[in-house]
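First the structure, in the form of structure tokens, and then the observations on it.
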Amino acid sequence: MRTAITKTLRSAARSLLTGTFLGVIVIGIAGASSALAETQVRVAMSAADIPDWTGAPDQGYEGYRFLGFTLYDGLINWDLSSSEKAADIKPALAESWAIDPNDKKKWIFKLRKGVKFTDGCDWNADSAIWNYDRVMTEGAPQFNIRHKTFQGWMIGGVSKIEKIDDYTIALITPAENSLLPYELAGYFQISNCAVTKMGNNYDEFAKAPAGTGPYKFDSVVPHERIELVKNEDYWDKARIPKHDRLVLIPMPEASTRAAALLSGQVDFIEAPSPDTLPRLKDAGMQIITVPYPHNWDYQVRVDKGPFADIRVRKAANYAINRDEMVEMLQGVATAGYGKFIESQPYYGNPIRYEYDPEKAKALLEEAGCVPCKITIAISTSGSGQMQPLPMNELVKEQLEAAGFEVKLEPMDWNALLTVYFGGAGKNPDFDGVNVSLSSIEPVQAIMKNSMTKFQPPNGLNWGLFSNADVDKLGDDILKEFDAEKRIPMIQKMHEKLVDEAYEIFIAHDLNPRALSPKLKGFVQAQSWFQDLTPIEVLP
């Protein structure tokens, strides 16, 4: 069915976007309407397929956004209630947490009482320990290698978890880690009762997954759609969804998503392409953008190959005309000169690689790399990847104008994530990868992709970057438990990494979404993640 839907929408897209479409596409994307006037929000995702819904989302952070935070909670969640400030963390299945005053390698978490999974099982310390073993303890009956791949990096900073009482646990870290709470936001808790009852068979669990989140699983049509319904018993009463049903549909082609919105087949689309925005606005659609910490850049390998030479890395950064990129995207992006955005307190005062192709050429000549041949792995679509094909073609054009010879290797988003999680060492054919990353907090923004100890498989330092000064700054930050004292240290680390040109900085997204005029209440957070629960559907 999905193939037929996609073909129909693709053929209609051209006429819809030029305003000449005269008919109405009638397809059963979202299933039959309820006789009881059930309200539903139908979302067209940019993902190529339905993200995993068993508590270890794939498809990047889009998977977390739509099938992580909807069905599940972490010990800590993100506060996504405001568009006015960068999102921060808040209590969730843990009511509070604090470092043990006698041991800075021990965090004490007080767990929330009275919470049940949607299968009726109690949430408690035993559930928390079971969920740790699900991902981190090979040999445990519930251990799942796939869950370790997609969730292990979030709990990798914990070496042990201990039960103090039924609603108190201790998380032990191998070294002092002042930022551990940020790492745990998005480490999802699934029902230990359900998985155990199913004999630790996660394929069976996928048929009836149970979490503590604001939505409950209802049904799935593989590769076509997944449907969730509101959890009326959700523990956070303020976040019980204001609609009855959430329908999630993978649509990797931007024109197909726009056509589906214009024809009334969906109500909410991710990442509309810039050229469709005028038509969408003319049709009365809500176009929502907000600045947020999101990097669309290249991670490059620095242990060998052309980018091992800092002059080549700097040349690539000087070769990028960021203003031209923003213009091509019709203003739904901002120029990227670092990992953070300037409104974040962590930004500091890093060097700016202003567009200077002559300087780039001179650096390549000095490095003896002309033409400088590089191969970059890119995706055809995916979570936060914006418009990857035209954007990468523009970067290729700009780099080649400065003396590079660029080969782009397009692949499916999940395939690219496999390359990314494996690291440069396991992918010798690539000099870089284009994986857009969240920079909502320092651990994911700069630490786990730059410090030596976070080279794969221990973190996301894909390019095997290693610098003693950066490592010391990172370790000192993790030992500083005073938030105000940490900020200038993080700024210094950011400045050092930009000066080292450890990545090719290109753009930050403005997170565009298009919504039907019949939706109200959505608050777009300054975050990669979003809360869909406030959305109401007008008659």
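The line from CD1 of Ile341 to OH of Tyr347 is 10.5 Å long, rounded to the nearest 0.5 Å. Put simply, CG on Leu464 and CD on Gln455 are 4.5 Å apart, with the number rounded to the nearest 0.5 Å. Distance check: Trp78 CH2 to Gln530 CD gives 12.5 Å after rounding to the nearest 0.5 Å. In this structure, the separation between CD on Gln299 and CG on Leu460 is 9.5 Å, given to the nearest 0.5 Å. Of the inter-residue distances, the one linking Ile374 atom CD1 with Glu400 atom CD reads 8.5 Å to the nearest 0.5 angstrom. Distance CG/Asp509 to OG/Ser438: 11.5 Å, rounded to 0.5 Å.
The only member of Trp53, Phe69, Phe150 that meets ring-ring contact (aromatic ring centres under 6.0 Å, His included) when paired with Phe188 is Phe69. Across Pro252, Pro388, Ser436, Pro410, a single residue satisfies side-chain contact (heavy atoms from CB on, under 4.5 Å) together with Ser379, and that is Pro388.
Residues Ser527 and Asn511 approach most closely at O-ND2, 3.3 Å, considering heavy atoms. Across all non-hydrogen atoms, the minimal contact from Leu67 to Pro51 is CD1-O, 3.4 Å. Pairing each heavy atom of Leu417 with each of Gly60, the nearest pair is CD1-N, 3.4 Å. For the pair Ile288 and Phe522, the tightest heavy-atom approach, listed with the atom from each and the gap, is CD1-CD2, 3.8 Å. Here the shortest heavy-atom pairing between Asp412 and Ala48 reads OD1-CB, 3.5 Å. Ala254 and Ser273 make their closest contact through CB-CB, 3.8 Å (heavy atoms, listed as atom of the first residue, atom of the second, distance).
Considering only heavy atoms from C-beta on, Met154 comes within 4.5 Å of Tyr64 through its side chain. Side-chain contact between Val300 and Arg313: present, with at least one pair of heavy atoms (C-beta onward) separated by less than 4.5 Å. Using a 4.5 Å cut-off on side-chain heavy atoms (C-beta onward), Tyr202 and His147 make contact. In this structure the side chain of Ile378 never reaches within 4.5 angstrom of the side chain of Met391, judged on heavy atoms. Val247 has its side chain out of reach of Val266: every pair of non-hydrogen atoms, C-beta onward, lies at least 4.5 Å apart. Taking the side chain as every heavy atom from C-beta outward, Ile506 and Met325 approach each other to under 4.5 Å. In this structure, the side chains of Ser46 and Trp413 stay at 4.5 Å or more apart for every pair of heavy atoms. Lys448 places a side-chain heavy atom less than 4.5 Å from the side chain of Glu183.
Every pair passing disulfide bond (SG atoms under 2.5 Å apart) that includes a residue from residues 370-449 is listed here, sequence neighbours excluded: Cys369-Cys372. Under the salt bridge (Lys or Arg N to Asp or Glu O under 4.0 Å) criterion, the residue pairs touching residues 262-273 are Arg42-Asp267, Arg65-Glu270, Asp267-Lys518, Glu270-Arg513, with sequence neighbours excluded.
For Tyr234, the ring-ring contact (aromatic ring centres under 6.0 Å, His included) criterion is met by no residue, not counting sequence neighbours. A search for side chain to side chain contact (heavy atoms under 4.5 Å, CB included) contacts involving Val523 returns Ser83, not counting sequence neighbours. Considering only residues two or more places apart in sequence or on other chains, Phe454 meets the ring-ring contact (aromatic ring centres under 6.0 Å, His included) condition with none of them.
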Item to complete: Report the C-alpha distance between Asn392 and Tyr298 in whole Å, list the side-chain angles of each, state the deciding distance to 0.1 Å, and finish with yes or no for side-chain hydrogen bond (donor to acceptor under 3.5 Å, both in side chains).
Response: CA-CA 10 Å; Asn392 275 292; Tyr298 284 2; 2.5 Å; yes
Worksheet entry | Worked check of side-chain contact (heavy atoms from CB on, under 4.5 Å) between Leu399 and Ile320 | CA-CA 7 Å; Leu399 290 174; Ile320 301 299; 4.0 Å; yes
Discussion item. For a side-chain contact (heavy atoms from CB on, under 4.5 Å) check, start with the C-alpha distance between Lys314 and Lys359, then their side-chain angles and the critical distance, and finish with the verdict.
Written reply: CA-CA 9 Å; Lys314 286 182 177 285; Lys359 190 168 187 176; over 6 Å; no
Item to complete: Please assess Asp431 against Arg301 for the test salt bridge (charged side-chain N to carboxylate O under 4.0 Å, His left out), listing each intermediate value before the final yes or no.
Response: CA-CA 6 Å; Asp431 300 296; Arg301 72 174 307 160; 5.9 Å; no
Worksheet entry | Derivation of the side-chain hydrogen bond (donor to acceptor under 3.5 Å, both in side chains) call for Tyr346 and Glu441 | CA-CA 9 Å; Tyr346 312 124; Glu441 45 80 17; over 6 Å; no
Which side-chain N or O atoms in residues 401-408 pair as donor and acceptor under 3.5 Å with protein atoms at least two apart or in another chain?
residue, atom, partner, partner atom, Å
Lys407, NZ, Glu409, OE2, 3.2

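Within a 6.0 Å sphere centred on CD of Gln330, heavy atoms belonging to other residues, nucleotides or ligands number more than 12.
Proximity of the aromatic rings of Tyr337 and Phe505 is defined here by a centroid distance below 6.0 angstrom, and this criterion is not met.
With salt bridges taken as basic N to acidic carboxylate O contacts below 4.0 Å, none links Glu393 and Lys396.
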